[in-house]
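Single-structure report; data block below.
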Amino acid sequence: MADKKRPGTMVYFNLLGPLEALSMEERGKLFTALLKYGSAGEEPASFSGMLYMAWLFVKRDMDQDKGRYSSRCEKNREAAEARWGAKSTEEKHPMRLDANASDECECIQTDANDANTIQTKPIQTKPKQTNSVGGADAPTPRRQTKFIPPTVEEVAAYCREKGYQVNAQLFVDHYEAGGWMRGNTKIKSWKACVRTWTQRQEGRANQSAPPPQQEILTAANWED
C-alpha cells in the first residue's frame, strides 16, 4: 500500500554500482519503476537478470525508508496528542489544586464565640532563593568586575593624590609588557601595584644610600 503522505523517495549512492552494469534503457526502466513503487506501491513484473538485481537493491532501501518514515510520523502523532491532551485538561480544570495543597492551609477561627466554626486559609509562603549552581544552601558568588588597565594619566593622578614619586609612563610600560600579569596571576588592582612599586623604590633607595661616616678617633680627639 502506498504512503500518501510522503512527497518522494530517497535514492542512495550504493545504487551506483548496479546502475553501471545496466544500459541506458534499463536505467530508465529502473527509475520509472522506482517512482511507481514509491507513489502507488506497484512492483515491476517483467524485470530479469541484472535489471532485476538492481531493482532488489532499490526496493530494499525504499522499504527501509518507508518504515523509518512511518515510525517517525507515529512518534510525532503521539507526542502531539500528549501535548494537546495535557493542554485540554488544564483548560477544563483551571482551578484544580495540587494534591498537597491541603498541607499548605491553616485553620483559623472566624468567631470567637463559636469554637466549632472554622475556615481554611492558604498560607502564603515566600519562595526560597536558591543558587542554581550550588543549591539552596550555597552562598551566592560575588560578582567579579573586569580589570581595565589604567592610562598613564590615571596613574599619574593617583600618584599625585597619594604623594608617590612614581614614573607613571615607566609603570604602565612595565606592566603592559607583561600583559598586566604578576607571575601567572592576572592583576586585579593596579593601585595596589602602584603601592608595591613605591615600597620597592623606597627599599632600593635605602639600600643604595652610603653608610654614615664614623668619626676617626685620634690623639687629638681624646680629652684629658
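Since we're looking at a predicted model, the values are computed, not measured. Any value given below was found using the heavy atoms of this structure, including those in side chains, with hydrogens, waters and symmetry copies removed.
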Tracing side-chain contacts under 4.5 Å among Ile, Leu, Val, Met, Phe, Trp and Tyr outward from Leu170 reaches Phe147, Val152, Val155, Tyr158, Tyr164, Val166, Phe171, Val172, Tyr175, Trp180, Ile187, Trp190, Val194, Trp197

Restricting to pairs with a member in residues 37-48, which pass salt bridge (charged side-chain N to carboxylate O under 4.0 Å, His left out), not counting sequence neighbours?
-> none

Sequence-distant partners of Glu78, salt bridge (charged side-chain N to carboxylate O under 4.0 Å, His left out), two or more places apart | none

Under 4.5 Å side-chain linkage, directly or through intermediates, the cluster mates of Met24 = none

List for me each residue that meets side chain to side chain contact (heavy atoms under 4.5 Å, CB included) alongside Ala21, sequence neighbours excluded, and say none if there are none.
-> Met50

With sequence neighbours excluded, residues passing salt bridge (charged side-chain N to carboxylate O under 4.0 Å, His left out) with Arg77 | Glu74, Glu81

What distance do Lys186 atom NZ and Lys146 atom NZ have between them, rounded to the nearest 0.5 Å?
-> 9.5 Å

Result block: side-chain N/O donor-acceptor pairs under 3.5 angstrom for residues 52-60, not counting sequence neighbours:
| unit_1 | atom_1 | unit_2 | atom_2 | d |
| --- | --- | --- | --- | --- |
| Lys59 | NZ | Asp63 | OD2 | 3.0 |

For the residue pair Lys66 and Tyr69, establish whether any side-chain heavy-atom pair is separated by less than 4.5 Å.
-> no

Please name all residues satisfying side chain to side chain contact (heavy atoms under 4.5 Å, CB included) with Thr151, sequence neighbours left out, ordered by chain then number.
-> Glu153, Glu154

Should Gln165 and Thr198 be marked as a side-chain contact (heavy atoms from CB on, under 4.5 Å) after you check the CA-CA gap, both sets of side-chain angles, and the distance that decides it?
-> CA-CA 7 Å; Gln165 300 298 322; Thr198 303; over 6 Å; no

Between the OG atom in Ser23 and the CG atom in Leu30, the distance rounded to the nearest 0.5 Å is 10.5 Å

Glu176 meets the salt bridge (charged side-chain N to carboxylate O under 4.0 Å, His left out) criterion, sequence neighbours left out, with none

Residues two or more places apart in sequence or in another chain: which of them pass side chain to side chain donor-acceptor pair (under 3.5 Å) with Arg68?
-> Asp65

Asp173: salt bridge (charged side-chain N to carboxylate O under 4.0 Å, His left out) partners, not counting sequence neighbours | none

Cys193 versus Arg182, closest heavy-atom pair with distance | SG-CD, 3.9 Å

What pairs of residues pass the salt bridge (charged side-chain N to carboxylate O under 4.0 Å, His left out) test when at least one of them lies in residues 14-31, not counting sequence neighbours?
-> Glu25-Lys29

Any donor-acceptor pair under 3.5 Å from Thr196 side chain to Ala192 backbone | yes

